[in-house]
Amino acid sequence: MKTILVTGSAGFIGFHVSKTLLKEGYNVIGVDNLNEYYDVKLKKDRLNILKKHDHFRFAFIDISKKKSVKKVFEMFDISIVINLAAQAGVRYSVSHPKAYIDSNLVGFANIIEECKNYKIEHLVFASSSSVYGINTNYPFSEHDNTDHPASLYAATKKSNELIAHAYSYTYGLPVTGLRLFTVYGPWGRPDMAVYHFTDSIIKNKVIKVYNYGYMERDFTYIDDIVEGIIQIMDKPPEGLKEFYKQQNNPSVSCARYRIYNLGNSKPIKLMDLIELLEKKLNKKSKIKYYPIHAGDIQKTYADVDDLFDAVQFKPEVTIEEGLDRFIQWYYKYYNISLQ
């Protein structure tokens with residue numbers, strides 16, 4: 001069975017991807033630096049679950065350190081790389097820019113360079129819906145212009161896409177980027193809306209709601225994200241040079257490179273999300289309204305037609321079902337009696 005390198009394996013998405021790959025019989029090499037952006041205990045608890053599998057190996061490294069990355073590729077016979085390691089968070093990028101440069105730019109460059117050196121079969125990497133920036137054409141399409149990011153985080157993700165295309169075009173490296181849309185679910189990130197709002201309502205804390213509540217997000221359940229990643233993993237893009245040559249259209253890239261949206265394609269208003277959580281938790285929230293935060297965009301909405309054409313898959317878990325699963329996990333993880 002193939003060996004898959006998953007960067008950010010102690011993170012929310014990386015943990016779920018690694019767990020699913022192990023269940024399907026793959027060998028998984030996980031790397032993570034366990035940074036303190038949010039509760040490290042949550043990361044260690046995820047990692048402890050993965051370490052119970054015989055076919056999981058973990059390397060505690062920072063991908064911004066070139067020698068450390070190189071050593072991982074030297075030690076293991078890696079077939080596919082799923083790069084999920086990144087400094088996350090739009091708002092955090094306003095106050096901590098260096099963390100994004102180190103992880104999302106230097107770290108990504110180190111990973112893709114070794115993918116090229118070791119002739120990896122397929123590099124799949126996480127981009128973000130944030131790359132659409134101030135675009136107001138809905139739903140967001142992969143064919144839209146993404147030259148106007150609204151945050152440094154978004155700019156680093158757009159940069160990843162450009163670097164990936166350059167490597168694919170120059171070296172023939174098969175690369176697929178997935179623009180992920182507001183992922184939530186069990187073992188999620190505490191700074192994300194579903195987790196943060198649930199925690200605040202249960203603990204009677206005030207929820208900070210930006211743009212006075214006029215926000216919409218295309219919330220996508222973690223199982224759908226994982227399924228999309230694994231479906232794409234098995235389908236490295238083919239070169240289209242001959243096709244475009246025949247079409248006499250040299251302006252279109254012939255690199256072995258694709259970008260897909262991976263989102264639920266059903267945006268929900270932020271205030272409707274809070275209302276749903278209040279009903280499911282049987283408890284009212286405390287809300288304080290603020291202007292829009294620097295770097296935020298008002299709405300995200302994924303067009304997933306290209307993804308469906310490629311792998312005949314589109315996310316299907318409803319927000320109601322996803323919230324139920326998350327709340328059940330939250331109560332269990334924090335040992336809270338169901339009410």
### Query
Any chance the rings of F140 and Y132 have centres within less than 6.0 Å?
yes
### Task
Give, for atom NZ of K52 and atom CG of L22, the distance between the pair rounded to the nearest 0.5 Å.
13.0 Å
### Task
Hey, can you tell me if Y195 and W329 have their rings parallel, tilted or perpendicular (30° and 60° cut-offs)?
perpendicular
### Query
Is the number of heavy atoms from other residues, nucleotides or ligands under 6.0 Å of K44 NZ greater than 12?
no
### Message
N204 vs K286, test: side-chain contact (heavy atoms from CB on, under 4.5 Å). Steps then yes/no.
### Response
CA-CA 7 Å; N204 295 309; K286 297 178 180 179; 4.1 Å; yes
### Message
Does K116 qualify as a cation-pi partner of Y171, given the criterion of NZ or CZ under 6.0 Å from the six-membered ring centre and within 45 degrees of its axis?
### Response
yes
### Query
Can you tell me how far the CD atom of E24 sits from the CD1 atom of I230, to the nearest 0.5 Å?
4.5 Å
### Task
Report the relative orientation of the aromatic rings in W187 and Y333; use parallel for angles under 30°, tilted for 30 to 60°, perpendicular for over 60°.
perpendicular
### Message
Can you classify the ring geometry of Y330 versus F326 as parallel (below 30°), tilted (30 to 60°) or perpendicular (above 60°)?
### Response
tilted
### Query
To the nearest 0.5 Å, how far apart are CZ in R57 and CZ in F76?
7.5 Å
### Side-chain heavy-atom pair Y221, P186 within 4.5 angstrom cut-off
yes
### N282 (side chain) donor-acceptor with E278 (main chain) under 3.5 angstrom
no
### Message
Within a 6.0 Å radius of atom NZ on K65, are there more than 12 heavy atoms belonging to other residues, nucleotides or ligands?
### Response
no
### Message
Let me confirm one number: the NE2-NZ distance from H148 to K158, rounded to the nearest 0.5 Å.
### Response
10.5 Å
### Task
Inspect the surroundings of NZ in K283 and state if more than 12 heavy atoms from other residues, nucleotides or ligands are less than 6.0 Å away.
yes
### Task
Kindly say whether the aromatic ring centers of Y212 and Y289 come within a distance under 6.0 Å.
no
#### Entry: Pair D39 + K43: basic N to acidic O under 4.0 Å
no
### Task
For the residue pair I29 and V72, establish whether any side-chain heavy-atom pair is separated by less than 4.5 Å.
yes
### Task
Would you kindly check if the NZ (Lys) or CZ (Arg) of K314 is within the cone defined by 45 degrees around the ring axis of F308 and under 6.0 Å from the six-membered ring centre?
yes
### Cationic tip of K299 above Y138 ring, under 6.0 Å, 45° of axis
yes
### Query
Centroid-to-centroid, Y100 to H96, below 6.0 Å?
no
